[in-house]
Amino acid sequence: MSDKFFFKGRQDARQSHISYGYQTQASHKPGSRKHPLTLVVTSEARKQEVEALVAEARLYAEVTIDSTEGAVESIVELTTLLNKGQTVRQDKTPERNDPCSCGSGNKYKKCCG
């Protein structure tokens, strides 16, 4: 008989999932207690400023001081978390037969629509 009438799935075996090196499980949240930020500053005064920013943002970080000559400050992780954009929400426009949002009492289609 032909396989045409008694088809029960794929005839060729295929892999169900191929891994390309991406993290398929839930990722870690930077700045949490389990995964603190690693920040490097160049002076004690700057360390206190950065720790104040971290405490204000309710994050966790390990701040170290590198006072060697030519040392570079590394607080990129903190600035990206602090400058993260907020979610944009749009108000729902009323339907045609809903009361108008301007407060006139008319239907939206006869007032502002």
Side-chain angles (χ1 to χ4, degrees):
M1 283 202 200
S2 172
D3 288 337
K4 181 174 166 183
F5 298 110
F6 300 103
F7 181 72
K8 294 185 179 181
R10 291 191 189 268
Q11 293 185 359
D12 58 333
R14 294 188 180 180
Q15 294 179 350
S16 61
H17 178 72
I18 299 173
S19 177
Y20 292 105
Y22 297 112
Q23 209 175 21
T24 56
Q25 300 297 323
S27 62
H28 67 277
K29 182 179 176 186
S32 64
R33 186 174 294 186
K34 189 174 182 181
H35 301 283
L37 302 172
T38 54
L39 308 173
V40 178
V41 294
T42 55
S43 67
E44 184 65 37
R46 183 67 176 148
K47 179 180 178 181
Q48 292 174 354
E49 292 175 13
V50 170
E51 286 176 345
L53 288 172
V54 168
E56 182 181 325
R58 296 183 185 155
L59 297 172
Y60 294 93
E62 295 174 359
V63 183
T64 57
I65 299 175
D66 186 11
S67 59
T68 60
E69 190 173 321
V72 179
E73 188 172 270
S74 174
I75 58 167
V76 175
E77 295 175 348
L78 178 63
T79 55
T80 55
L81 286 176
L82 293 178
N83 296 335
K84 189 175 175 183
Q86 298 293 325
T87 304
V88 177
R89 297 177 188 243
Q90 295 180 347
D91 294 331
K92 180 183 166 195
T93 58
E95 298 287 328
R96 285 177 45 85
N97 290 323
D98 289 342
C100 189
S101 60
C102 71
S104 64
N106 294 337
K107 289 185 178 181
Y108 179 72
K109 66 182 176 184
K110 291 193 175 184
C111 183
C112 295

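Keep in mind that what you see is a predicted model, and the values were worked out from it rather than measured.
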* **Value rounded to 0.5 Å, distance of NZ in K84 from OG1 in T79** => 13.5 Å

* Structure fact -> CD1 of I75 to OG1 of T80, rounded to nearest 0.5 Å, is 10.0 Å

* At what distance, to the nearest 0.5 angstrom, does OG1 of T38 lie from CD of E62? -> 7.0 Å

* Asked: For the hydrophobic clusters of this structure (ILVMFWY residues joined by side-chain heavy atoms under 4.5 Å, transitively), does one cluster hold both Y60 and I65?
  -> no

* **Distance, nearest 0.5 Å, that separates NE2 of H35 from NZ of K29** => 11.5 Å

* Could you tell me the separation between the CG atom of D91 and the OG1 atom of T93, rounded to the nearest 0.5 Å? => 9.5 Å

* Closest approach of N106 to C111 (non-hydrogen atoms, all atoms of both residues) -> CB-CB, 4.1 Å

Only distances under 3.5 Å count here; give the side-chain donor-acceptor pairs of residues 39-54 to other protein atoms, sequence neighbours excluded, each with its distance to 0.1 Å.
unit_1 : atom_1 : unit_2 : atom_2 : d
S43    : OG     : R46    : N      : 3.3
R46    : NE     : E73    : OE1    : 3.0
R46    : NE     : E73    : OE2    : 3.2
R46    : NH1    : E49    : OE1    : 3.0
R46    : NH2    : E73    : OE2    : 3.3

